[in-house]
Amino acid sequence: MRKTCSEAHNQLQRWNSIRSEWEDKKSREIEADYIGPMQSVLTHMSEKLFEINSFIDETEERINDIKEENCYG
């Protein structure tokens, strides 16, 4: 099953409450092997999505500027 970034982030937040109940060697292994890397990937994805959205916004603004220049030019 695929998750959105928000859904995956929410699942990771649940880990914090579960971890406090376990707090043993296995939970540390899970965190090191899965949770930490997943948090890193989600952070990277969020940053890239921000960059993509910024690029799209800038492109749309430039297109609108060109349209306006052509209307008045």
Side-chain angles (χ1 to χ4, degrees):
M1 173 171 59
R2 295 182 185 261
K3 300 263 185 215
T4 64
C5 287
S6 297
E7 290 170 331
H9 181 71
N10 290 339
Q11 290 294 326
L12 289 176
Q13 291 301 94
R14 287 183 48 209
W15 168 251
N16 290 330
S17 62
I18 293 169
R19 177 184 58 189
S20 65
E21 293 174 13
W22 288 4
E23 206 57 58
D24 60 4
K25 182 179 178 184
K26 190 64 175 173
S27 66
R28 287 188 293 276
E29 288 177 16
I30 290 170
E31 187 157 354
D33 293 345
Y34 302 102
I35 303 301
M38 190 179 301
Q39 286 175 327
S40 295
V41 166
L42 288 173
T43 298
H44 183 70
M45 287 174 59
S46 295
E47 291 168 354
K48 287 299 173 189
L49 285 172
F50 179 79
E51 290 175 18
I52 290 167
N53 286 322
S54 294
F55 177 77
I56 290 170
D57 291 343
E58 290 171 10
T59 303
E60 288 175 344
E61 286 178 25
R62 183 65 185 132
I63 290 170
N64 288 333
D65 290 346
I66 290 170
K67 285 180 181 178
E68 286 180 19
E69 288 173 8
N70 287 333
C71 283
Y72 297 115

> If you link I, L, V, M, F, W and Y whenever their side-chain heavy atoms are under 4.5 Å apart, who else ends up in the same group as I52?
Replying inline: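 Members besides I52, by chain and number: I56.
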
Can you give each donor-acceptor pair under 3.5 Å made by side-chain atoms of residues 37-47, sequence neighbours left out, with the distance rounded to 0.1 Å?
residue : atom : partner : partner atom : Å
S40     : OG   : G36     : O            : 3.3
T43     : OG1  : Q39     : O            : 3.0
S46     : OG   : L42     : O            : 3.0

>> According to salt bridge (Lys or Arg N to Asp or Glu O under 4.0 Å), does anything in residues 34-46 pair up with another residue at least two apart or in another chain? List the pairs.
In response: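 For residues 34-46, and leaving out neighbouring residues, there are no salt bridge (Lys or Arg N to Asp or Glu O under 4.0 Å) pairs at all.
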
> Roughly how far apart are R62 CZ and E69 CD, rounded to 0.5 Å?
Replying inline: 5.5 Å

> Which pairs, with at least one residue in residues 49-61 and sequence neighbours excluded, count as a side-chain hydrogen bond (donor to acceptor under 3.5 Å, both in side chains)?
Replying inline: K48-E51

> What residues form a salt bridge (charged side-chain N to carboxylate O under 4.0 Å, His left out) with K26, not counting sequence neighbours?
Replying inline: E29

> By salt bridge (charged side-chain N to carboxylate O under 4.0 Å, His left out), which residues pair with R14, not counting sequence neighbours?
Replying inline: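 So R14 forms no salt bridge (charged side-chain N to carboxylate O under 4.0 Å, His left out) with any residue.
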
